[in-house]
Amino acid sequence: MADQDFRTCSITGLKVHLPAANLIMANAVAAVVLLLIGGLAAAGVALTRLPSVHLLPADLFYRLLTLHGLAMLIAWIIFFEMAGLYLGASVLLNARIAAPKMAWLQFILMVVGVLLIALMVLTGQADVMFTSYPPLKANPIYYLGVILFAVGALIGCFVFFGTLAKARKEGTYPHGSFPLVTFGLACAAMIAIATLLHGAAVYIPTLLWSLGLMGMDESAYRLVWWGLGHSSQQINVAAMISVWYLVGTLSVGMKPISQKLCRTAFVLYVLFINVASEHHILVDPVFSNAHKIWNTGYIMHLAVLASMIHALAVPAGIEVALRKKGYTSGLFEWLKKAPWSNPAFSAIVLSIFGFGFFGGITGVTFGSEQVNITAHNTWRITGHFHSTVVFGTTLAFMGVTYYVLPLIFRREVLGMGWAKLQPWFFGIGMMIQVTGMMLAGAYGIPRRHWDIVNFGGSPFSFAWDPTAYMWLGVFGIGALLAVLGGAIYILVTVGTILFGKKLA
Amino acid sequence: MSISVPEKVWWKPIDKEEKIWLAIALIWMVISFVWMPIYHYIGKQNPSSESYKAPREQFEQLVNGFIQKYQVKDANGTPVAMNDIPVVHPPAGGDAYLVGAGWKWKPVLELEKGKTYRIHLSSFDFQHGLSIYPLNINYMAIPGQDYVITVTPTTSGEFPILCNEFCGIGHHTMVGKLIVK
Ligand code: HEM
Ligand SMILES: [Cu+2]
Ligand SMILES: [Cu+2]
């Protein structure tokens, strides 16, 4: 076994397999590039939705909105998760990555997929939003791009499990149980495999349909597409919570209060989250109420229970660790003395807060029949998922980057002063943004809509309750702050990777 | 630590605090779990469960027949339209049709307060989102499906209806009207 393939991390003492580190870096860089593209699109879209600015023409708005959804929700998040999977399997277990060539195939397929998607979207051949509801039809190459991207991600999951098996066989870690973070990521990868199979079930027929080779049932598409679209969000939840545990450990030395409880909670995600996907089609024809209630009402609560467990375990773990450091006076000294100037720590605390209070609560309520009928396709929904996947997942991923830079890229973070402010800009901005979105949505402001003032000159146009405009203004302020926070993140990471001081 | 291997035996009893939290969370979940179906019966705002396959040609005939039969006529007997969309007064307590097509909602329905109607919602082209302002009630209109929504209007007035599912470049122009007399 060639030991020159490894280096020992001077900070954590972990043995880092160099080919794995390269893969982590490649995927992380791709993720950040796509965050930049998605962020530019976000700025354009947000400035168009503000009635006082109304920046872009209609066709460009819808095109950039399609791009924003795809670049962010699909590309940024999944590339980052691939980096996370390789880190959790290889670095945390001192193991060499299994089948590095396959892992590079993962990377190449995902890059090619993204390039095809971007080409189609930017040339106006896929103005279909990321949901591509038929009979809206994109150029077949668009669906092909999605499929290649998904196959890449699937390969990444297999490399992850292969690496776990290899580590176990070679005895690179003391005994059978994986570290909690690796365990959580394994749950994410299991959900990912199930999800990607759903993806195949919907995108392969859709590709054939776009080629004119088969018919299409719009309602069936919605059902199966959301089997993919909803469950894939649970990959993000499991990965994000793993990142919470990871950063909690690196920043304050947090220990899980009970391995049994935390691991059981992760397993609940794997078992039960796939249901509840029908809260996307609660106001659809075809499916009966009994069917919808069963799917969205029953078993889903076991997945919510899992979130409730983490909602105790993560903050409690942080508190215990800080108290151990001697911050024991009063109820809250530990909170005051917490390392708030560590951007990774502040990012995950904000992420926990945002995901739990804004994302979780709105998710559970908007997913009920009676609330859903007033929320469906309004900006309440857009506000909800910016709480989960942006305020929660994206912010957590941003936070862990401040450890990935020194530990994997081996560069000292450049512009630490800005980095310290970054999570606050992004987190508080997102908090204001989602509040504005959800409250504007409560007045009926629709999502995916270019002109809520003149309705493109429609003779039936009408005026909204003035309060709705106020909430749109609030949204604008938040979006501006969040875009600023996102820009700082990109400047700091790119600056560090290119110019940061090399660590020995 | 979360990033290192746990002790060999980590399946250990959990502490009292965690048990309390788990119990609270479980009870809460059980309550929401039963409340959802219960509220379906005691609440008055459920999504409709009634729908049928509706091939476009057949459905189009039904809609055209409906408009011809019930379009409102003015004093001279000329059919009334609003911005070129026919205004239709369906029989009180009967069936009514509402279709999204070509970035328009057709027809303009004129309903009577306190009467119950079965509104058949569908689309002739893309998926559309029916959103009634300011009630903020939302339903999907899917091509090939006849979605039957039973409603009893309780307030009179004119209600703008818009589309909130992206349906192509004219999506934002898709506004219509619902009148309750
Ligand atoms: C500064 C950051 C961001 C801002 C200002 C922003 C703003 C917006 C706005 C204004 C919309 C359009 C809503 C509409 O017209 O209906 C939108 C949609 C969306 N955003 Fe973001 N966003 C940001 C970051 C993100 C991130 C990081 C993600 C994913 C990880 C994300 C995922 C989405 C998705 C999936 C949509 C829906 C697209 C659709 O309806 O097809 N956003 N965002
Ligand atoms: Cu429409
Ligand atoms: Cu539309």
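Within every chain, numbering begins at 1; the chains are lettered A, B, ... in the order of the sequence lines, protein sequences first and strands thereafter. Side-chain atoms are counted along with the backbone in the values below, which use heavy atoms only and exclude waters and symmetry mates.
Considering all non-hydrogen atoms of both residues, A/Pro446 and B/Asn164 come closest at CB-CB, 3.5 Å. Of all heavy-atom pairs spanning B/Tyr133 and A/Tyr443, the tightest one is CE1-O, 3.3 Å.
In summary, the aromatic rings of A/Phe460 and B/Trp105 are positioned with their centroids too far apart to meet the 6.0 Å limit.
The main-chain N or O of A/Asp284 is found under 3.5 Å from a side-chain atom of B/Tyr147 such that the two form a donor-acceptor pair.
Both the backbone and the side chain of B/Tyr39 have a heavy atom closer than 4.5 Å to some heavy atom of chain A. Only the backbone of A/Ala463 has a heavy atom closer than 4.5 Å to any heavy atom of chain B. For B/Leu130, no part sits under 4.5 Å from any heavy atom of chain A, backbone or side chain. Only the side chain of A/Phe462 comes within contact range of chain B, with at least one heavy atom under 4.5 Å from a heavy atom of that chain. Only the side chain of A/Leu250 comes within less than 4.5 Å of a heavy atom of chain B; its backbone N, CA, C and O stay farther away. Contact of A/Val91 with chain B is not made at all, since no heavy-atom distance falls under 4.5 Å. Residue A/Ala375 touches chain B through its backbone alone, counting heavy-atom pairs closer than 4.5 Å. For A/Ser242, no part lies under 4.5 angstrom from a heavy atom of chain B. Only the backbone of A/Ala442 comes within less than 4.5 Å of a heavy atom of chain B; no side-chain atom from C-beta onward does.
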(request) Decide side chain to side chain contact (heavy atoms under 4.5 Å, CB included) for B/Val175 and A/Ser458; before the verdict, give the C-alpha distance in whole Å, the side-chain angles of both, and the deciding distance to 0.1 Å. (result) CA-CA 7 Å; B/Val175 195; A/Ser458 164; 3.8 Å; yes
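Below 30°, between 30° and 60°, or above 60°: for B/His172 and A/Tyr62 the angle between ring planes is below 30°, a parallel geometry.
Atom OG1 of B/Thr173 is separated from atom CG of A/Asn454 by 12.0 Å, given to the nearest 0.5 angstrom. From B/Glu165, atom CD reaches atom CZ of A/Arg447 across 7.0 Å, with rounding to the nearest 0.5 Å.
Residue B/Met140 is tested with A/Asn377, A/Ile281, A/Val286, A/Leu282 for a side-chain contact (heavy atoms from CB on, under 4.5 Å); the sole match is A/Asn377.
Between chain B and the options A/Tyr133, A/Phe61, A/Tyr245, the largest number of non-hydrogen pairs under 4.5 Å is found for A/Tyr133.
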